[in-house]
Amino acid sequence: EADIYQTPRYLVIGTGKKITLECSQTMGHDKMYWYQQDPGMELHLIHYSYGVNSTEKGDLSSESTVSRIRTEHFPLTLESARPSHTSQYLCASSEWGGETQYFGPGTRLLVL
Amino acid sequence: GESVGLHLPTLSVQEGDNSIINCAYSNSASDYFIWYKQESGKGPQFIIDIRSNMDKRQGQRVTVLLNKTVKHLSLQIAATQPGDSAVYFCAEKWDTGRRALTFGSGTRLQVQP
């Protein structure tokens with residue numbers, strides 16, 4: 001089982017609040033990813049990083065931002081949460097030379 | 001039973017039967033494909049992968065078949081068990097440009113006891 005962790009697992013928050021979703025991996029993987037997934041639907045890439053100080057936007061436009069100050073940590077921040085941000089957010093990582101991505105358990109976000 | 005992917009998002013099979021889940025991928029230049037299993041409330045879990053220079057790969061109770069001519073990928077699960085009930089996603093990696101995986105829409109597998 002992959003050693004990738006996400007906190008919180010569930011979050012209910014009011015509109016306008018700033019939130020940070022945490023993702024950490026202990027595998028030393030260079031590449032990390034954030035996906036957004038609505039229930040039963042496909043995964044959409046919103047951010048990825050190929051190493052420290054490297055971040056790129058994914059396919060799905062997102063108002064969230066990410067940072068990669070340490071290899072093992074890839075937090076995602078929403079400055080002002082809105083009900084349209086309600087979804088599940090999945091973090092993943094992979095080795096530099098590998099394509100297999102290992103996923104965390106996800107954070108289910110509900111914005112009221 | 002057999003799924004046609006987008007046109008049949010739920011596949012229901014009897015315990016002990018073989019399951020076949022299909023996926024049509026989008027990019028003829030994709031060079032790597034992967035199947036994930038996602039149980040309710042969990043993140044996707046790696047099942048099996050295959051590179052474009054192969055047409056078949058076997059794992060424990062699972063086989064992936066790749067038909068590049070028609071851009072089709074299938075996952076076969078032998079002797080399906082209740083624990084196999086989940087949503088299954090295929091994903092592809094394009095060999096140029098985009099460097100991350102592109103996921104399909106998923107098929108829900110329901111195993112009847």
Side-chain angles (χ1 to χ4, degrees), chain A residues 1-10 21 23-25 27 29-51 54-60 66 74 87-109, chain B residues 3 5-6 8-11 21 23-27 29-54 57 59 64 66 73 85-110:
Chain A
E1 192 156 326
D3 295 321
I4 181 164
Y5 309 98
Q6 291 185 243
T7 58
R9 292 293 315 278
Y10 304 92
L21 307 185
C23 176
S24 294
Q25 50 94 8
M27 298 171 284
H29 288 171
D30 289 301
K31 297 191 282 189
M32 296 189 74
Y33 312 82
W34 276 104
Y35 292 86
Q36 186 173 339
Q37 182 187 33
D38 290 328
M41 302 297 286
E42 64 205 87
L43 284 73
H44 294 285
L45 182 70
I46 52 175
H47 298 283
Y48 62 98
S49 167
Y50 275 30
S54 155
T55 61
E56 302 281 348
K57 288 192 178 295
D59 300 323
L60 184 67
V66 292
F74 191 38
S87 190
Q88 175 166 247
Y89 293 84
L90 290 159
C91 180
S93 71
S94 64
E95 295 178 335
W96 177 253
E99 289 89 359
T100 304
Q101 295 180 20
Y102 299 93
F103 283 83
T107 295
R108 288 184 182 272
L109 173 65
Chain B
S3 163
L6 289 176
L8 190 64
T10 301
L11 173 64
I21 302 172
C23 177
Y25 63 92
S26 60
N27 190 340
S30 292
D31 62 354
Y32 175 77
F33 305 87
I34 188 168
W35 280 99
Y36 283 95
K37 171 186 179 183
Q38 187 175 25
E39 296 174 279
S40 181
K42 297 184 179 179
Q45 178 185 3
F46 169 84
I47 301 174
I48 192 168
D49 58 1
I50 188 168
R51 294 202 173 273
S52 59
N53 60 353
M54 303 172 66
R57 190 168 187 215
V64 56
L66 176 62
L73 192 69
S85 294
V87 176
Y88 290 80
F89 291 96
C90 67
E92 60 184 303
K93 187 183 80 67
W94 303 354
D95 66 347
T96 58
R98 175 183 167 75
R99 294 177 290 176
L101 295 174
T102 300
F103 282 81
S105 58
T107 298
R108 180 175 300 279
L109 177 65
Q110 294 179 336

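Below, chains carry the letters A, B, ... as their sequence lines are ordered, and counting in each starts from 1.
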Indicate yes or no: at least one non-hydrogen side-chain atom of B:L101 is less than 4.5 angstrom from one of A:Y35. yes

Surrounding CD of B:Q110 (heavy atoms of other residues, nucleotides or ligands, distance under 6.0 Å), is the total greater than 12? yes

A side-chain contact here means heavy atoms from C-beta on lying under 4.5 Å apart; do B:K93 and A:Q101 qualify? no

Residues at least two apart in sequence or cross-chain that pass ring-ring contact (aromatic ring centres under 6.0 Å, His included) with B:Y25, listed by chain then number, are B:F33

Of all heavy-atom pairs linking A:T100 and B:Y32, the shortest is OG1-OH, 2.8 Å

Measure B:Q45 against the heavy atoms of chain A and call it side chain, backbone, both or neither at under 4.5 Å. neither

Measure up the B:F103 and A:F103 rings against each other and bin them: parallel (under 30°), tilted (30 to 60°), perpendicular (over 60°). perpendicular

Can you say whether A:L43 sits under 4.5 Å from chain B via the side chain, the backbone, both, or neither, judging by heavy atoms? both

With a 4.5 angstrom heavy-atom cut-off, is it the side chain or the backbone of A:Q37 that approaches chain B, or both, or neither? side chain

Exceeds 12 heavy-atom contacts within 6.0 angstrom, atom CE of A:M41: no

Measure across B:P44 and A:L90 and return the closest heavy-atom pair with its distance rounded to 0.1 Å. CD-CD1, 3.9 Å

Could you give the distance from CD (B:E92) to CD (A:E99), rounded to the nearest 0.5 Å? 13.0 Å

